[in-house]
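In what follows, a single structure is set out as structure tokens and then discussed.
In each ligand, atom 1 is the first atom listed, and ligand 1 is the first ligand listed. Because the structure is a prediction, the values reported are computed rather than measured. All heavy atoms count here, side chains included; hydrogens, waters and symmetry mates do not.
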Amino acid sequence: MRVLLVEDDDRVAAALGDVLRRHGVLVQRVSSGQEALVPRAVDLVLLDLGLPDMDGLAVCRALRRVVDVPIIAVTARAEERERIAGLRAGADDYVVKPYSSGELLARMEAVLRRSHRSAQSPPVALAEAPAAPVLRHGALEVDPGARRVTLAGGELKLSRKEFDLLVVLAGAQGTVCSRETLLDRVWGATLFGSTRTLDVHVATLRAKLGDPELIETVRGVGYRMRAAVPLP
Ligand code: CA
């Protein structure tokens, strides 16, 4: 299991890192909010809410917008309203300093169990889904099995991510796909990245599809492929 440890206190980070490594955890430690938001593949985040450069709750919210891995907030503040704020910011659980390593490990196991994730079961790539049906939208045909897209019979050259994005949107045509869903399904649950990545790929995909209206922006939520108009 890979854990991102966000902790500005070197001594706390070293001690905790030792405990985690003894339990077979691969630890990546960063000491600021800015570094915490750099893209990396992990299975769980331990997030100290008292960081030097950013408000811990803001870091938590920013992480939550782009990833779907468990976040355990760690704080020295024990008041109920602090715990509630942490959970509202998207943390899956909360531990208060000082905590025992036993308690922390038990909580890590519990959130991982709840999220059905472990190092042994990485998210399955869409391309590996068995016998996915061909998706059609007007003159557009998307074949997930062959990873082939044609528009009025002519093949479109899409990048891997553009293709995966199109498969998700076309599979849900007429309904909105949230940014979280798209990031999770296309980039994998363990990507930490700017949500701009998504917007950039939507923009290039729109250009290649030659119909800027086909993929609609749903402000504050995500994107939707316009429902196909039935042929008369
Ligand atoms: Ca701290």
Side-chain angles (χ1 to χ4, degrees), residues 1-120 122-123 178-180 183-184 187-198 220:
M1 178 174 48
R2 300 155 301 179
V3 167
L4 174 65
L5 172 60
V6 188
E7 171 63 72
D8 59 306
D9 186 317
D10 288 340
R11 279 188 321 176
V12 172
L16 187 52
D18 282 348
V19 170
L20 294 174
R21 276 185 281 270
R22 274 206 302 278
H23 285 82
V25 174
L26 284 170
V27 181
Q28 297 178 49
R29 184 250 173 152
V30 298
S31 52
S32 69
Q34 284 297 332
E35 290 170 281
L37 299 175
V38 168
R40 71 189 85 231
V42 294
D43 303 296
L44 184 144
V45 181
L46 288 175
L47 175 64
D48 176 25
L49 293 182
L51 294 168
D53 61 330
M54 287 173 75
D55 173 54
L57 292 176
V59 176
C60 192
R61 275 191 293 272
L63 280 172
R64 187 38 85 219
R65 273 200 295 275
V66 292
V67 297
D68 191 23
V69 298
I71 300 173
I72 298 182
V74 181
T75 184
R77 297 173 292 188
E79 298 90 29
E80 187 189 20
R81 70 190 164 82
E82 299 290 349
R83 292 203 302 273
I84 291 170
L87 296 171
R88 286 224 171 107
D92 297 272
D93 203 354
Y94 205 92
V95 289
V96 176
K97 291 176 181 174
Y99 53 84
S100 72
S101 51
E103 179 192 359
L104 180 64
L105 288 164
R107 287 184 183 277
M108 287 169 58
E109 278 167 22
V111 293
L112 283 168
R113 218 169 30 238
R114 285 206 295 271
S115 71
H116 308 293
R117 288 186 202 292
S118 74
Q120 283 72 47
S178 71
R179 302 178 68 84
E180 289 77 15
L183 285 163
D184 182 59
W187 280 269
T190 52
L191 175 108
F192 289 138
S194 161
T195 60
R196 264 210 351 254
T197 305
L198 173 60

(request) For Asp92 and Ile72, indicate whether the former's side chain and the latter's backbone hold a donor-acceptor pair under 3.5 Å. (result) no
(message) Can you list everything that forms a salt bridge (charged side-chain N to carboxylate O under 4.0 Å, His left out) with Glu35? Sequence neighbours excluded, please.
(response) none
(request) Look up atom SG in Cys60 and atom CZ in Arg88, then write down how far apart they are to the nearest 0.5 Å. (result) 13.5 Å
(message) Can a donor-acceptor pair be found, under 3.5 Å and without considering hydrogens, that links the side chain of Arg61 to the backbone of Gly56?
(response) no
Residues 17-26 side chain polar contacts: donor-acceptor under 3.5 Å, at least two apart:
residue	atom	partner	partner atom	Å
His23	ND1	Val19	O	3.0

(request) Show all protein N/O/S atoms under 3.0 Å from the Ca ion (ligand 1), or state that there are none. (result) Asp8 OD1, Asp48 OD2, Gly50 O
(message) Can you list everything that forms a side-chain hydrogen bond (donor to acceptor under 3.5 Å, both in side chains) with Arg107? Sequence neighbours excluded, please.
(response) Asp93, Glu103
